[in-house]
Amino acid sequence: MACSLSLRSSILIPEGYTYLVRPIDFAGCRSRITLRINGAIVAPKDPHYWRGLNHRKWLYFHSVEYLTLEGGGTINGMGDEWWARSCKTNATIAVTFHRCKGLQVRDINIVKSQQTHMSFTDCLGVIVSNVTLTTPAESPNTDGIHISASTNVEIRDSTISTGDDCVSIVSNSSRIMVTNIVCGPGTHGISIGSLGKWNQWSQVHDVMVDGAYLSNTENGVRVKTWQGGSGFATKITFKNVWMENVTNPILVDQYYCDSPDPCQNQTSTVNINDISFVGIKGTSASEEAIRFACSDTIACQRLYLEDIQLLTYTGVATSFCWNAYGSSSGIVFPPPCFPTTVSLAVQNTLPASLNSI
């Protein structure tokens, strides 16, 4: 009914009510709809409810345009049983947006997601603001916000404490802005990638992370790629980030291998170029505060460090470089380890059209 109306319509989950919702698809709606969750939506506890269905979907929005999801209520994935089965391939995503356009998601709490809390794939024009995503640190593969093959996405003013990446930006995504994010404890930080798995071609470009606080996380800001892939990650800036007891504050890892078996050495790789780290400060839980582990065959080029102050509890802080080249400006501690090249002008803004989402 709401999809057939010409004016914006609303669907309300009222405050004080809790609704048990089985896996559901919202597909093909081109009308402007507001889904306002003031109460609570709860998933079935038992994964057997997904028997015969796509186990990766719970709340699935497909080919929907100009949807607003808001309300201040709670979406509860009831993920305990999924985590007990601990499987990267068999857990569902709490909220998925696929091939959607003109989305706004705001003032929503997602707790105990089965796996990833919120995923955007093949989307255009997304604004996410004031969301809170919470899952225990030991819950496996529970990314906060996952962005794949999407353009013009803005994530802002949100708090994420999960068992995996706070924000992950992967293959074929561009024009992504992440601002004012609280990340941790227990997460893997803010990540570009992983890219290039299964020898795939990937591209990520024009990404700005400006303003984040990371506390007691395994990683801070990182780029991770598999050996054997191809493509590129370029025009990416991390700036104004405060770290508190973060194990790997600044990390480029082109030997990423999230596999029970050792990964084979391969010569092909995703090209890393024009990556800037500006105003990254705080404390590192490890002595190696900066790590640029680049491919043997294709060096990381035009890495840039400016105003970096990362201290350790031992008083010793180091940086590591392998086939990495770049430049630095201002105070950088620990000192940069790469041979310097021509200075890189830092991207302070994304193209203006992102502001017209």
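The structure presented is a predicted model; accordingly, all values stated were derived computationally and were not measured. We number each residue from 1, following the sequence as shown.
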### Check ion pair Asp80-Lys112 (N to O, under 4.0 angstrom)
yes
### Query
Do the non-hydrogen side-chain atoms of Arg291 and Asn248 ever get within less than 4.5 Å of each other?
no
### Message
Give me the atom names and distance for the closest heavy-atom approach of Ile280 to Met243.
### Response
CG2-CE, 3.7 Å
### Closest non-hydrogen atom pair, Asn240 against Asp210
ND2-OD1, 2.8 Å
### Query
Which is it for Cys300 and Cys294 under the disulfide (SG to SG under 2.5 Å) test, yes or no, and what are the steps along the way?
CA-CA 6 Å; Cys300 298; Cys294 300; 2.0 Å; yes
### Message
Are the side chains of Asp253 and Arg222 in contact, using a 4.5 Å heavy-atom criterion?
### Response
no
### Query
Of the non-hydrogen atoms in Ser139 and Pro136, which two are nearest, and what is the gap between them?
OG-O, 2.5 Å
### Message
Assess the residue pair Phe97 and Val64 against the criterion (side-chain contact (heavy atoms from CB on, under 4.5 Å)); give the C-alpha distance rounded to whole Å, side-chain angles, the decisive distance to 0.1 Å, and a yes or no.
### Response
CA-CA 8 Å; Phe97 300 95; Val64 175; over 6 Å; no
### Any donor-acceptor N or O pair under 3.5 Å, side chains Asp164, His188
yes
### Task
Evaluate the criterion side-chain contact (heavy atoms from CB on, under 4.5 Å) for residue pair Ile192 and Phe238; output intermediate values, then yes/no.
CA-CA 11 Å; Ile192 307 299; Phe238 301 98; 3.9 Å; yes
### Query
Short question: side chain of Thr68, backbone of Gln104 - any donor-acceptor pair under 3.5 Å?
no
### Summary
Of Ser202, Ser268, Ser194, the one forming a side-chain hydrogen bond (donor to acceptor under 3.5 Å, both in side chains) with Trp226 is Ser194
#### Entry: Validation row: Asp25, His62 side chains within 4.5 angstrom (heavy atoms)
no
### Query
Just one of Ile13, Val95, Val42 clears the side chain to side chain contact (heavy atoms under 4.5 Å, CB included) bar with Ile75, so which one?
Val95
### Task
Tell me whether Ile93 is reachable from Ile145 by hopping between hydrophobic residues (I, L, V, M, F, W, Y) whose side-chain heavy atoms are closer than 4.5 Å.
no
### Query
How about Thr237 and Tyr304: do any of their side-chain heavy atoms sit closer than 4.5 Å?
no
### Query
Counting heavy atoms not belonging to Tyr49, are there more than 12 under 6.0 Å from its OH?
no
#### Entry: Transitive ILVMFWY side-chain link Leu310 to Val223, under 4.5 Å
yes
### Message
Among Asn216, Thr162, Val167, exactly one meets side chain to side chain contact (heavy atoms under 4.5 Å, CB included) together with Thr187. Which residue is that?
### Response
Thr162
### Donor-acceptor contact present, side-chain Thr92 to main-chain Lys57, <3.5 Å
yes
### Query
Under 3.5 Å, is there a donor-acceptor pair between the side chain of Ser161 and the main chain of Pro185?
yes
### Message
Looking at Tyr17, I'd like to know if its OH atom is crowded, meaning that more than 12 non-hydrogen atoms belonging to other residues, nucleotides or ligands lie closer than 6.0 Å.
### Response
no
### Message
With side-chain contact (heavy atoms from CB on, under 4.5 Å) as the criterion, how do Asp258 and Lys224 come out once you've worked through the C-alpha distance, each side chain's angles and the decisive distance to 0.1 Å?
### Response
CA-CA 11 Å; Asp258 187 15; Lys224 52 180 178 174; over 6 Å; no
### Query
Are Glu65 and Lys101 within salt-bridge range, i.e. N to O under 4.0 Å?
no
### Query
So, the side chain of Ser158 versus the backbone of Val131: is there a donor-acceptor pair under 3.5 Å, distance only?
yes
### Query
Under 3.5 Å, is there a donor-acceptor pair linking the side chains of Asn130 and Asp157?
no
### Query
Does any non-hydrogen side-chain atom of Leu103 lie less than 4.5 Å from one of Phe120?
yes
### Query
disulfide bond (SG atoms under 2.5 Å apart) with Cys123: which residues, sequence neighbours excluded?
none
### Query
Taking all atoms of both residues into account, what is the closest heavy-atom pair of Ala324 and Leu303, and its distance?
CB-CD1, 3.8 Å
### Query
Given side chains that start at C-beta, do those of Glu306 and Lys239 come closer than 4.5 Å, heavy atoms only?
no
### Task
Answer yes if Val111 and Leu35 sit in the same cluster of Ile, Leu, Val, Met, Phe, Trp and Tyr residues linked by side chain heavy atoms under 4.5 Å apart, and no otherwise.
no
### Query
Quick one: does NZ or CZ of Arg32 land under 6.0 Å from the six-membered ring centre of Tyr66, within 45 degrees of the ring axis?
yes
### Straight-line distance of Asn245 CG to Thr247 OG1, nearest 0.5 Å
6.5 Å
### Gln200, CD atom: more than 12 neighbouring heavy atoms under 6.0 Å
yes
### Query
Looking only at atom types and distance, does a side-chain atom of Ser173 sit under 3.5 Å from a main-chain N or O of Ala149, one as donor and one as acceptor?
yes
### Task
Return yes if a side-chain donor-acceptor contact under 3.5 Å exists between Trp322 and Asp296, otherwise no.
yes
### Query
What is the ring orientation for Tyr60 with His98, classed by angle as parallel under 30°, tilted 30 to 60°, or perpendicular over 60°?
parallel
### Task
Indicate if Phe61 and Ile37 have the same hydrophobic cluster label, given that clusters are the connected sets of ILVMFWY residues with side-chain heavy-atom separations under 4.5 angstrom.
yes
### Query
If only atom types and distance count, is the side chain of Ser113 paired as donor or acceptor with the main-chain N or O of Thr116 below 3.5 Å?
yes
### Query
If only atom types and distance count, is the side chain of Ser319 paired as donor or acceptor with the main-chain N or O of Pro335 below 3.5 Å?
yes
### Query
Which distance, rounded to the nearest 0.5 Å, do you find between the OH of Tyr325 and the CD of Gln301?
7.5 Å
### Message
Quick check for you: to the nearest 0.5 Å, what is the distance between Arg56 atom CZ and Gln114 atom CD?
### Response
11.0 Å
### Query
When you measure from the side chain of Thr142 to the backbone N and O of Gly163, does any donor-acceptor pair fall under 3.5 Å?
yes
### Message
Would you say that Ile275 contacts Phe292 through its side chain, given a criterion of any heavy-atom pair below 4.5 Å between the two side chains?
### Response
no
### Task
Verify the distance criterion only: is there a donor paired with an acceptor across the side chains of Gln254 and Thr225 at less than 3.5 Å?
yes
### Task
Walk me through it: do His146 and Ser168 pass the test side-chain hydrogen bond (donor to acceptor under 3.5 Å, both in side chains)?
CA-CA 5 Å; His146 184 74; Ser168 55; 2.7 Å; yes
### Message
If I compare all heavy atoms of Ser327 with all of Phe338, which pair ends up nearest, and what's the gap?
### Response
N-CE1, 3.3 Å
### Query
Does Ile127 reach the side chain of Arg106, with side-chain heavy atoms less than 4.5 Å apart?
no
### Query
Just how far is it from atom CG of Asp122 to atom OG1 of Thr151, taken to the nearest 0.5 Å?
9.0 Å
### Message
Donor-acceptor pair, distance only, cut-off 3.5 Å: does the side chain of Ser284 make one with the backbone of Ser286?
### Response
yes
### Query
Heavy-atom count around Leu20 CG within 6.0 Å, excluding the residue itself: above 12?
yes
### Query
Can Phe277 and Ile308 be said to form a side-chain contact (heavy atoms from CB on, under 4.5 Å), step by step?
CA-CA 8 Å; Phe277 304 88; Ile308 308 297; 4.3 Å; yes
### Query
Do Ile11 and Ile108 belong together in a cluster built from hydrophobic side chains that touch within less than 4.5 Å?
yes
### Task
May I ask you to check whether Trp58 and Trp82 place their ring centres under 6.0 Å from each other?
no
### Query
If you take all heavy atoms of Ala94 and Ile110, which pair is closest and at what distance?
CB-CG2, 4.3 Å
